[in-house]
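Structure record follows, encoded as structure tokens.
Counting begins at 1 with the first residue of the sequence. Indexing begins at 1, ligand by ligand and atom by atom, following the structure's order.
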Amino acid sequence: MIPHPRKIIIDTDPGQDDAFAILLALASPAEVEVLGIVAVAGNVPLALTQKNTRMICELAGKPQTKVFAGCDRPLQRKLVTAEHVHGKTGLDGPILPEPVMALQDQHGVDFIIETLRREPAGTVTLCPLGPLTNIAQAFLQAPDVIARVQEIVLMGGAYFQVGNITPAAEFNIYVDPEAAAIVFKSGVPLVVMPLDVTHKVLTTRARVEAFRAIGSPVGRVAADWADFFERFDKEKYGSDGGPLHDPTVIAYLIQPDLFKGRHINVEIETQSELTLGMTVADWWGVTDRPANAYFIGDVDAQGFFDLLTERLARL
Ligand code: RIB
Ligand code: CA
């Protein structure tokens, strides 16, 4: 068990669900020390994800948080975005004030490299919540930092739930499959929150009302984000709410026993157009490929929402 507080860098493409993850992290200083937050192009273009990240930090009352802009497109491919899920701003639902806090001048990839070189080896965890472009770019630019990463805890991929952006692929992996392949082959210890587990943490009515019942601006905005965000998945899957994908990453750092998974091999499809971005997870151990990921399949969903709601109430 890695001791608290864990030093982390969040890499993110807000996105309402990313926003819950950032709020949860900023509300939990005893468990996670946020060294910085790096925005990446994903759900919406970088100009919006970096602005949204600052708006979320200000909503949390943490304008001193260091926010950086990272890569504005995947390593090799055209950017694919998800306005159909998150709205044209990426944070549709409530109206939030324009951000006042500054964006850091340093490029987010340089911040990741510099931080990993400065902090003692093995003490910084990377928490990607979007396409893995910034992480892969840091590893390409500075291979010496790879061995210095304590762990990567990411949201991405799927096995039993297959794809949400194509029949075969989950969005974060699909947007930059070459970056994902670099990260999954890097040898860094990986904890993966795939759709298999995030589709079990649904924003049911009772859970959204619990956000609203907090009675603070954070509680109201959280409920309004959930109300907007859930409509896409409810329509597509007929589910009883929207899956809060990204905060599972931060909840794992705070309370890992909420989650269950298997250490398995996971590789990324980067050649076939038909299955591009698929996470080929050897869940049943049918190959002798080495285990490179702790792949999460189950969660105490109510325990997750109780933790999330209790922490949002602290902001
Ligand atoms: O497929 C879900 C993932 O894609 C989440 O991280 C969501 O925010 C989007 O980035
Ligand atoms: Ca995301």
Side-chain angles (χ1 to χ4, degrees), residues 9-25 37-46 48-53 55-56 70-71 73-74 79-93 108 126-135 152-177 179-180 183 191-203 222 225-226 228-234 236-237 239 241-252 268 276-279 281 296 308:
I9 295 173
I10 296 174
D11 194 89
T12 181
D13 63 335
Q16 292 86 351
D17 61 314
D18 301 67
F20 279 92
I22 295 168
L23 292 177
L24 178 56
I37 305 179
V38 182
V40 67
N43 285 320
V44 286
L46 179 66
L48 284 172
T49 56
Q50 60 89 343
K51 175 184 168 191
N52 292 344
T53 301
M55 287 159 65
I56 296 158
C71 297
R73 77 200 63 176
L79 177 63
V80 171
T81 52
E83 287 87 349
H84 59 291
V85 178
H86 300 275
K88 65 180 180 355
T89 70
L91 274 187
D92 281 23
L126 303 179
C127 300
L129 310 175
L132 291 165
T133 313
N134 290 333
I135 312 301
I152 294 176
V153 185
L154 68 91
M155 190 278 142
Y159 179 63
F160 294 99
Q161 290 292 309
V162 222
N164 63 356
I165 187 76
T166 74
E170 177 279 326
F171 179 79
N172 287 341
I173 307 299
Y174 177 73
V175 169
D176 200 340
V183 171
V191 177
V192 178
M193 293 288 165
L195 298 179
D196 303 34
V197 67
T198 66
H199 280 181
K200 294 178 179 175
V201 285
L202 300 176
T203 57
W225 275 333
F228 180 89
F229 174 70
E230 71 179 18
R231 82 213 184 291
F232 175 77
D233 284 80
K234 282 175 80 165
K236 174 173 175 180
Y237 295 101
S239 53
L244 272 192
H245 307 285
D246 293 338
T248 59
V249 166
I250 307 302
Y252 176 82
I268 310 297
L276 185 68
M278 183 173 193
T279 45
I296 303 295
L308 178 56

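Considering the Ca ion (ligand 2) as centre, the angle to OD1 of D18 and to OD2 of D246 is 70° (10° rounding).
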Check your understanding: Can you check side chain to side chain contact (heavy atoms under 4.5 Å, CB included) on N52 and V44, steps first, answer last?
Key -> CA-CA 10 Å; N52 292 344; V44 286; 4.2 Å; yes
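Contacts between D13 and ligand 1, counted as non-hydrogen atom pairs separated by less than 4.0 Å, involve the side chain only. Using a 4.0 Å cut-off between heavy atoms, D18 contacts ligand 1 through its side chain alone, with no backbone atom that close.
Between L129 and ligand 1, a contact under 3.5 Å exists for at least one N or O pair. By the 3.5 Å distance cut-off applied to N or O atoms, N164 is counted among the residues near ligand 1.
Of all the N, O or S atoms in D13, the one closest to the Ca ion (ligand 2) is OD1.
The aromatic rings of H245 and H199 are tilted relative to each other, their planes meeting at an angle between 30° and 60°.
Heavy-atom contacts of H245 reach the following atoms of ligand 1: 2 (C) (cutoff under 4.0 Å). With ligand atoms numbered from 1 in the order given, ligand 1 contributes 1 (O), 2 (C), 3 (C), 4 (O) to contacts under 4.0 Å with heavy atoms of E170. Interface atoms of ligand 1 facing N172, defined by a heavy-atom separation under 4.0 Å, are 3 (C), 4 (O), 5 (C), 6 (O), 9 (C), 10 (O). Each of the following atoms of ligand 1 lies closer than 4.0 Å to a heavy atom of F171: 1 (O), 4 (O), 9 (C), 10 (O). Residue M155 approaches ligand 1 through these ligand atoms, each under 4.0 Å from one of its heavy atoms: 2 (C), 3 (C), 5 (C), 6 (O). When each atom of ligand 1 is checked for a heavy atom of D17 under 4.0 Å away, the hits are 5 (C), 6 (O), 7 (C), 8 (O).
Here the side chains of L79 and V175 are in contact, with some heavy-atom distance below 4.5 Å.
A distance-only check finds no donor-acceptor pair linking the side chain of D246 to the backbone of A21 [under 3.5 Å]. D176 contributes no side-chain N or O that, together with a main-chain N or O of L132, makes up a donor-acceptor pair within less than 3.5 Å. D13 places no side-chain N or O within 3.5 Å of a backbone atom of V40 that could act as its donor or acceptor partner. Using modelled atom types, one side-chain atom of T279 and one backbone atom of A158 make a donor-acceptor pair closer than 3.5 Å.
Of the N and O atoms on the side chains of T89 and D92, at least one donor lies less than 3.5 Å from an acceptor on the other residue.
Here the closest non-hydrogen pair linking N43 and H86 is OD1-NE2, 3.0 Å.
Distance check for L129 against the Ca ion (ligand 2): an N/O/S atom falls below 3.0 Å.
Remark: minimum distance from atom 6 (O) of ligand 1 to any protein heavy atom is reached at D246 OD1, 2.7 Å. Scanning the protein for heavy atoms near atom 9 (C) of ligand 1, the closest one is N43 OD1, 3.1 Å.
Within a 6.0 Å sphere centred on OH of Y252, heavy atoms belonging to other residues, nucleotides or ligands number more than 12.
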